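For ligands, and for the atoms within them, numbers begin at 1 and follow the listed sequence. Remember, predicted model here, so these are calculated numbers, not experimental data.
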Amino acid sequence: MEKLSTAQIRERYLAFFERYGHTRVPSTSLVVADDPTLLFVNSGMVPFKDVFLGVEKRPYTRAVTAQKCLRVSGKHNDLDEVGPSPRHQTFFEMLGNFSFGDYFKAGAIEMAWQLLTEEFKLPVERLWLTVFEGDDEVPADDEAANLWIAQGVDPARVLRFGRKDNLWVMGDSGPCGPNSEITVYTGDDMSKMRAAGVNSDDPDYVEIWNNVFMQYERATMQKLPAQSVDTGMGLERMAMVMQGVRSNYDTDAFVRIIARIMAELAATSCITGRSLRPIVLWPITAALLRS
Ligand code: GLY
């Protein structure tokens, strides 16, 4: 696996999907315009919400973005995680490729596998996939499971989970659908890798990417006018995996900021990671909210 910088990962992702006909769309502001259901952009799909719902048309049916996101309220709130968790930031960048009634599960999974294993060269033997197990409202996503297996994934590596992990919703309303997540085992000892680690608290398992198959409107659970794809890869988490470090805050995106806080502002080396993480994030987020 190549040791790519955060900027290189972002550019490789955007360029990869551009080669597959996606329009590169700039990130919007963190503050959501014209949507009373949401205060901040909490994922890459938010600027495209009305396109998924079929009430807005864009001059493209495929898009790729590196979207600024903030998870501090509503369905996606990571506020209490910052500090204790080495992998939650509240403010982060989400890489995403989107299809608006264009390709669906087969196209998304084929491109996802190629990006992970050929472009980023992640070790196949460390990858785990999850799909929705189904319930009385939304059927099991056997199709996604079979599509991963058709890419050459060992069926034992395709796991099934319920709504909490594998049915993605933006909020109480808006587009939603079953999703398929990719987790990387980052432990040193391969003999300890096991299915039970996926979606557990074990820090050796890092969920890096979510592929959502948009099919329903959340409030009504009515079928959307078109089947679409929304994906979200945490840029800083991907950098953590590719740079072989154990925390998002140990990646090149943060180390110089942290070193400067330690040396110049806090004038101490005793401050713990737990206390530093909110200090690091607060000014970045505040500056972005003003922009
Ligand atoms: N919209 C996909 C995600 O946030 O995981």
**Request:** Evaluate the side chain to side chain donor-acceptor pair (under 3.5 Å) criterion for residues Thr186 and Arg246: first the C-alpha distance (whole Å), next the side-chain angles of each, then the deciding distance (0.1 Å), finally the verdict.
**Result:** CA-CA 9 Å; Thr186 61; Arg246 303 292 294 172; 3.2 Å; yes
**Asked** So does Asp202 pair up with Lys192, basic N to acidic O under 4.0 Å?
**Response** no
Atom pairs and distances, donor-acceptor, side-chain atoms in residues 102-112, under 3.5 Å, two or more places apart:
residue	atom	partner	partner atom	Å
Asp102	OD1	Arg62	NE	3.3
Asp102	OD1	Arg62	NH2	3.0
Asp102	OD2	Thr61	OG1	2.7
Asp102	OD2	Arg62	NE	3.1
Tyr103	OH	His22	NE2	2.7
Tyr103	OH	Asn97	ND2	3.0
Lys105	NZ	Asp141	OD1	2.7
Lys105	NZ	Asp141	OD2	3.3

**Message:** Main chain of Glu93, side chain of Glu236: is a donor-acceptor contact present, judged purely on distance under 3.5 Å?
**Reply:** yes
I'd like a table of the close N/O pairs between ligand 1 and the protein (anything under 3.5 Å), one pair per line with both atom names and the distance.
residue	atom	partner	partner atom	Å
ligand 1	1 (N)	Asp230	OD1	3.3
ligand 1	1 (N)	Asp230	OD2	2.8
ligand 1	4 (O)	Arg71	NH2	3.1
ligand 1	4 (O)	Trp168	NE1	3.3
ligand 1	5 (O)	Trp168	NE1	3.4
ligand 1	5 (O)	Asn210	ND2	3.0

**Prompt:** Is the number of heavy atoms from other residues, nucleotides or ligands within 6.0 Å of CG (Asp189) greater than 12?
**Reply:** yes
**Heavy-atom closest pair, residues Thr251 and Ala239** = CG2-C, 3.8 Å
